[in-house]
There are 2 protein chains.
Amino acid sequence: MVQQSNELLDKVTELFWAKGFQATSMRDVQHALNMRPGSLYARFPGKSALFVQVMEHYAGQLKAHLLTIAQASDLIEATRMFFTQELLRAPDKRYQRQCLLINAMAERSKLDDNAAVALDAALNDVEDGFRHLISALQHHHFVTQTVPAKIVAKWLQTQFIALRHTAYRSADDAGVAYHIDKLLLDLQGQWPTSHGSSSSPAELPD
Amino acid sequence: MVQQSNELLDKVTELFWAKGFQATSMRDVQHALNMRPGSLYARFPGKSALFVQVMEHYAGQLKAHLLTIAQASDLIEATRMFFTQELLRAPDKRYQRQCLLINAMAERSKLDDNAAVALDAALNDVEDGFRHLISALQHHHFVTQTVPAKIVAKWLQTQFIALRHTAYRSADDAGVAYHIDKLLLDLQGQWPTSHGSSSSPAELPD
DNA sequence: TTGTCTCTTGAACAAATGTTCAAGTAAACC
DNA sequence: GGTTTACTTGAACATTTGTTCAAGAGACAA
C-alpha cells in the first residue's frame, strides 16, 4: 500500500502546477496523497524540500522531451508538434499550458535558498534542452549557423514561455496555432548580425 | 500630512511589484505607507481592493506610455526605445524588469472575483495600447497590413512578456539588446498567410 | 504471549496574516 | 466652552499555515 515516490511527485507536481506553490498548503498535499502530516514529513523534510524535488522532476521531464525531439527526422515538424502539444493542452488540463517554472519565478521572493537554487537549476536544465534542439536545427541548416546555439536557444525558450502565457489566457486556439507558425518562420528567418553580444556570433558552442 | 491617493498607490505598486501580491502582507503595506491598520482600512476596504486599484494604476500608466509612443515620428526607434527602457531597468530597480501583470497571473488562484476581473481588465488594457502602436506601424508600412492589428498586437505583447522574464533573469544586458533587435526584425519580417485564424486576415480593426 | 521495530496517526503548537473596533485626538462649528 | 465630525491608534481576534511529537497499530521474532 506504499506509494512510489514518483507517483507522489507526479501528484504534487500537478498540485503546484494548478494552484501555485504558495497557494498549495501542506494540507492540500496531505489530502491529495491521502497521507497524514507525520507520514508526509517522514518522506519529505518539509514544503521547501517538496518544491525542490518537484522542480527536478518537472525540468527533467521537459528536458528529456526536448532531447527526444532533437533526434526526430523532420525537425521542423517535430518542433511544431512540441509547441502544439504543450500549448494546446485540452481544457481539463488547461492549467498545464502555464509554465510551472515561470509561476515559481513569480513566487521567488518567498522561496528559501535551497528552493531558489533548485529553481535556477531547473531553468538552466530546460535551456540546455533547447540548446540541443537548436544545435540539431543548425546542423540541418534550418537555422543560421552564424549565431551561437546558446543565443538562439535562449530566444526559443523565451518564445516558449511567452506563448504558454498567451495560450493559457487566450480563448482562441487557432490564434495560438498562428503564433506557432509565426515562431517557426522567425526561427528560420533573419537574425541580427551583431549587437555587442559579448561572444563573437561566428563561433558555435559544441 | 495626508498623503495623496496617487502617492499611496505608487508605493503599494512598488511593493507588489518587488515582492508579489501574496508575499506582501498588510503589515508591509502599513509600514511602507506609515499608516496604522485602522487608517489603511478606512482608505481601502481591504487587500483585494488594494490589488484592484494597483492593477488599474499600473495598466493605465503602461497603456498611456504606449499611446505616446504610437505618435512618435520615428516609430521603429521609439518602439526600440520603449523596449530598451522597460527591459533594461537599472540594477536598483531590477524588479521592474518583471511584468507585474504576469506575476499577478501566477497568483490568480488566490485572487477573489473582483481582483481576477481587474487583472483581466488590466491585461486587456495593455493589449489595447499595443494595438494602437501596431496600427500606427501598419499605417506607416513598417508592418504588413495583411494581418489584423489585433493579432500582431497580441504577438507583440507576447514578445514583451517573454523578454521581460528573460531580461529579469539574464545577467547579460547585451544579449537582451540583441533580442530586441531580433524582435524588430521579426516585427517587420514575414507573417504567415493564414492558419485558420477565425477572422479573415484581410480586414483591419481600426 | 511478549517484546521490538517500523510506520502511521491526528491532536496540538507557534507564527503569520487579514481584519475589526472601542478608545483617543484634534480641528471645525454653534 | 461645548459638541460634533473626521480621522487615527494599536491592541485584539479569527483563521490559516508549516511543523512537531507522544501515542497507537500492526508485523514479525523469541
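Each chain gets a letter, A, B and so on, in the order its sequence line appears, and its residues count up from 1.
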Keeping the roles fixed (side chain from A:Q61, backbone from A:H57), state whether a donor-acceptor pair exists under 3.5 Å.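 Checked: no pair found.
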Send over the distance from [X] [atom1] to [N] [atom2], rounded to a whole Å.
| X | N | atom1 | atom2 | answer |
| --- | --- | --- | --- | --- |
| B:L15 | C:dT17 | CG | P | 13 Å |
| B:L8 | D:dC7 | CG | C1' | 14 Å |
| A:L33 | C:dG10 | CG | C1' | 17 Å |
| A:R43 | C:dC7 | CZ | P | 10 Å |
| A:R36 | D:dT19 | CZ | P | 18 Å |
| B:M35 | D:dT9 | CE | P | 8 Å |
| B:Q30 | D:dG10 | CD | C1' | 10 Å |
| B:D112 | C:dG18 | CG | P | 13 Å |

Return the set of residues passing side-chain hydrogen bond (donor to acceptor under 3.5 Å, both in side chains) with [X] (not counting sequence neighbours), or none when no residue passes.
| X | answer |
| --- | --- |
| A:Y168 | none |
| A:Q96 | A:E14, A:R89 |
| B:T79 | none |
| A:T166 | B:T158 |

Going by the salt bridge (charged side-chain N to carboxylate O under 4.0 Å, His left out) test, which pairs reach into residues 61-70 of chain A, not counting sequence neighbours? A:K63-A:D125, A:K63-A:D128
Pairs where residues 19-32 of chain A contributes a residue and the test salt bridge (charged side-chain N to carboxylate O under 4.0 Å, His left out) is met, not counting sequence neighbours: A:K19-A:D28
Partners meeting salt bridge (charged side-chain N to carboxylate O under 4.0 Å, His left out) with A:E77 (sequence neighbours left out): A:R80
What does the list of N/O pairs under 3.5 Å between the protein and nucleotides 15-18 of chain D look like, with a distance for each?
from   : atom 1 : to    : atom 2 : distance (Å)
D:dG18 : OP1    : A:K47 : NZ     : 2.7
D:dG18 : OP2    : A:M26 : N      : 2.7
D:dG18 : N7     : A:R27 : NH1    : 2.9
D:dG18 : O6     : A:R27 : NH2    : 2.9

Would you please name every residue forming a ring pair (Phe, Tyr, Trp, His ring centres under 6.0 Å) with B:H65, sequence neighbours left out? B:F82
Just to verify, what does A:F130 make a ring pair (Phe, Tyr, Trp, His ring centres under 6.0 Å) with, not counting sequence neighbours? A:F160
Which angle, rounded to 10°, do you find between the first-five-pair axis and the last-five-pair axis of the helix from C:dT1-D:dA30 to C:dC30-D:dG1?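 About 30° separates the two local helix axes.
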Pairs: protein N or O with nucleotides 21-23 of chain C N or O, under 3.5 Å:
none

If you take all heavy atoms of A:L15 and A:T24, which pair is closest and at what distance?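 Looking at all heavy atoms of both residues, the shortest contact is O-OG1, 3.6 Å.
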